[in-house]
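The structure appears below as structure tokens.
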Protein chains: 2
Amino acid sequence: MSDCSTCVVRNRAICASLETDELQLLGHLGRKRMIKRGETLLWEGDPAPVVANIIDGVLKLSVNLQDGREQIVSVMYASDFIGRPFGKESPYRVTAMTDAEICVFSRSSFDSFAKEHPDLQNKLLQRTLDELDRAREWMTMLGKKSATERIATLLVELSDRLTVDGCSPTTLYLDRFELPMDRQQISDILGLTIETVSRQFTRIRKEGIIELPDRRTVIIKDRSRLKALAEIA
Amino acid sequence: MSDCSTCVVRNRAICASLETDELQLLGHLGRKRMIKRGETLLWEGDPAPVVANIIDGVLKLSVNLQDGREQIVSVMYASDFIGRPFGKESPYRVTAMTDAEICVFSRSSFDSFAKEHPDLQNKLLQRTLDELDRAREWMTMLGKKSATERIATLLVELSDRLTVDGCSPTTLYLDRFELPMDRQQISDILGLTIETVSRQFTRIRKEGIIELPDRRTVIIKDRSRLKALAEIA
DNA sequence: GCGAAGCTTTGATCTTGGTCAAAGAAAGTT
DNA sequence: AACTTTCTTTGACCAAGATCAAAGCTTCGC
């Protein structure tokens, strides 16, 4: 079991909808678990035995094609909810992009707990609606944006979502952060090739908008120009 | 008010989660409404005053960019649910692609009804999760598929979703149907240009996979080859 | 520290799909 | 029916990004 009251994502995860006593009940069902970078939590087509809250780290949801390529359909951060409650198997593979800490529940026990807590279910619905909005924004990117715009969009999102876990205000943007993924994964998120990703990084670096002290670190030097690049035409 | 018991989508829409007497209560809140092709039901950024079930017809959700172009992020069919319950404004524009009939509820009355009917809310959650899966499939298409694959994918989806409204079994696929959208709209769905769409139509027509007796009609002559085309690599 | 294995970057070339332009076909109007 | 308007197709050309290939860098193991 987990001690929810001291959980760093207590107020941001779906658990925020619960009262203290209900939280304790849920806590008895959950279990903290570490997963290492690269480890896969859920395989597509699996009867999805678990759902989870992300406490720390970054995970990806991906659709893997027969020829070995993959499209990453979502990148999830601390306080996000993972898995497919109620019925259905998970249609995606869920893999850790960084070492991560998650709070797992068996699907069946979570399902029945949720059925008895409409507030939780309501929160879950709102989360899912938000997730849907995010997916559709991504669709617009894939449908309409150029390579440069895609890179800029990703960097802006990361600098927003990668804030130090716990209690940072949502207005905080990071000007320096570690990429939770390599170039290949960036290309799989953005629907580009690794070479194009690399060339675009070089390009906006040469324009002085960002710095890349090493392959994983990004420093945003000119946020307003980066944001302008991320916008469409 | 609407007479839900005779509604053609009664068993497929979210209303299917309700008992007869609850259904009557909801029916008092709903109102049938016709909208004409091209008419916009909801504008992006609006305080989204309504939610609705589609009874008949096809509607699109779109993100409209400053330069007048648009990305269509979803195409919705009979029995689908439209709108953003609980809070938030609608981030998309909702427009009829064909003449359509919908069952509208004011957001506030629907919200409070849903709060008191967990089954309905649960159904709504499952719908939204399904919708999310659909959006992510679309993302994979936009990220990885070629122009030909995109066209083939859309035609397969339409022949599946455009079944005669009411009570057709889900196994029915149409081999002849009317496109609910023009070439421009197809290009806005698939993230292509209208010229590319036209060329790809011509191509698979010349290969004998489909026939195009007029600009709106599609006849699938060789479904297995069309399905093969829709698959990746 | 040396070598192997991975990443990442850069370069050269090619392809797909975009852009620009114009002609054909339907549909709507007078 | 003639004319306008709108939608669709086709053609010629272009460009963004993909592909193929090779060279630099890191990282890791010994």
Side-chain angles (χ1 to χ4, degrees), chain A residues 36-38 65 67-71 97-99 141-155 178-207 210-218 229 232-233, chain B residues 36-38 65 67-72 97-99 141-155 178-207 210-219 229 232-233:
Chain A
K36 296 221 80 64
R37 167 193 295 195
L65 311 163
D67 60 356
R69 292 180 306 159
E70 72 174 22
Q71 174 71 40
M97 304 187 95
T98 63
D99 290 350
M141 182 185 78
L142 293 171
K144 288 279 189 308
K145 287 191 180 180
S146 70
T148 316
E149 289 164 344
R150 294 183 199 198
I151 295 285
T153 304
L154 180 67
L155 292 179
E178 300 289 300
L179 292 169
M181 66 286 275
D182 62 23
R183 299 286 185 273
Q184 180 61 57
Q185 288 175 316
I186 292 176
S187 74
D188 289 332
I189 293 170
L190 301 180
L192 299 170
T193 59
I194 185 171
E195 293 95 332
T196 299
V197 169
S198 177
R199 276 185 253 270
Q200 297 302 330
F201 263 112
T202 303
R203 190 178 146 213
I204 58 180
R205 177 177 57 72
K206 282 189 177 155
E207 287 185 15
I210 60 170
E211 271 177 28
L212 302 165
D214 65 73
R215 35 175 79 171
R216 287 279 183 168
T217 309
V218 174
L229 264 194
I232 232 164
Chain B
K36 295 222 81 64
R37 165 192 295 195
L65 310 163
D67 60 356
R69 292 180 307 159
E70 72 174 21
Q71 174 70 39
I72 296 177
M97 302 187 96
T98 63
D99 290 350
M141 182 185 79
L142 293 172
K144 289 278 189 306
K145 287 191 181 181
S146 70
T148 316
E149 289 165 343
R150 294 182 199 200
I151 296 285
T153 304
L154 179 68
L155 292 180
E178 300 290 300
L179 291 169
M181 67 285 275
D182 62 24
R183 300 286 184 272
Q184 180 62 57
Q185 289 176 314
I186 292 177
S187 74
D188 289 331
I189 293 172
L190 301 180
L192 299 169
T193 59
I194 185 172
E195 294 94 333
T196 299
V197 169
S198 177
R199 276 186 255 269
Q200 297 302 330
F201 264 112
T202 303
R203 189 177 148 214
I204 57 180
R205 177 177 58 70
K206 282 188 177 155
E207 287 186 13
I210 60 169
E211 271 177 27
L212 301 166
D214 65 75
R215 36 174 78 173
R216 286 280 182 168
T217 309
V218 174
I219 302 174
L229 264 193
I232 233 164

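We name chains A, B, ... by the order of the sequence lines, and we start the count at 1 in each one.
At the heavy-atom level, A:R183 lies under 4.0 Å from the strands shown only through sugar-phosphate atoms.
If you take CZ of B:F201 and C1' of C:dA25, they are 17 Å apart, rounded to a whole angstrom. Atom NZ in B:K144 sits roughly 10 Å away from atom P in D:dA18 (whole-Å rounding). Between the CG atom of A:L142 and the P atom of D:dG17 there is a distance of 13 Å, given to the nearest Å. Straight-line distance from the CG atom of A:L190 to the P atom of D:dA16: 18 Å, rounded to whole Å. Between the C1' atom of C:dG17 and the CD atom of B:E149 lies a distance of 14 Å, rounded to the nearest Å. In this structure, the CG atom of B:L212 is 14 Å from the C1' atom of C:dA25, given to the nearest Å. The distance from atom CZ of A:R205 to atom P of C:dT10 is 6 Å, rounded to the nearest whole Å. Remark: P of D:dA18 and CG of A:D188 are 12 Å apart, rounded to the nearest angstrom.
Listed here is the closest heavy atom pair of A:E70 and B:K144: O-NZ, 2.9 Å.
Of the candidates D:dT26, C:dA25, D:dG17, the closest approach to any side-chain atom of B:R215 belongs to C:dA25. Distance from the side chain of A:E195 is smallest for D:dC20 among the nucleotides D:dT26, D:dC20, C:dG18. Each of D:dT10, C:dT10, D:dA18 was ranked by its minimum atom distance to the side chain of A:T202; first place goes to C:dT10.
Mapping B:Q184 and A:A147 onto DNA chain D by nearest heavy atom places B:Q184 closer to the 5' end of the strand. Of the two residues contacting DNA chain D, namely A:V197 and B:I194, the nearest-nucleotide position lying further toward the 5' end is that of B:I194.
At a cut-off of 3.5 angstrom, the base of D:dT19 holds at least one donor-acceptor pair with the side chain of A:R199.
The closest side-chain donor-acceptor pair between B:E195 and B:S198, if any, does not fall under 3.5 angstrom.
Residues B:D214 and B:L212 are not in side-chain contact: their nearest non-hydrogen atoms beyond the backbone lie 4.5 Å or more apart. The side-chain heavy atoms of B:I151 and B:L154, taken from C-beta on, include no pair separated by under 4.5 Å. Contact annotation: the side chain of B:E149 never approaches that of B:M141 to less than 4.5 Å [non-hydrogen atoms, C-beta and beyond].
OP1 or OP2 of C:dG17 has not a single side-chain nitrogen or oxygen of B:T193 nearer than 4.0 Å. Residue B:S198 places at least one side-chain N or O closer than 4.0 Å to OP1 or OP2 of D:dT9.
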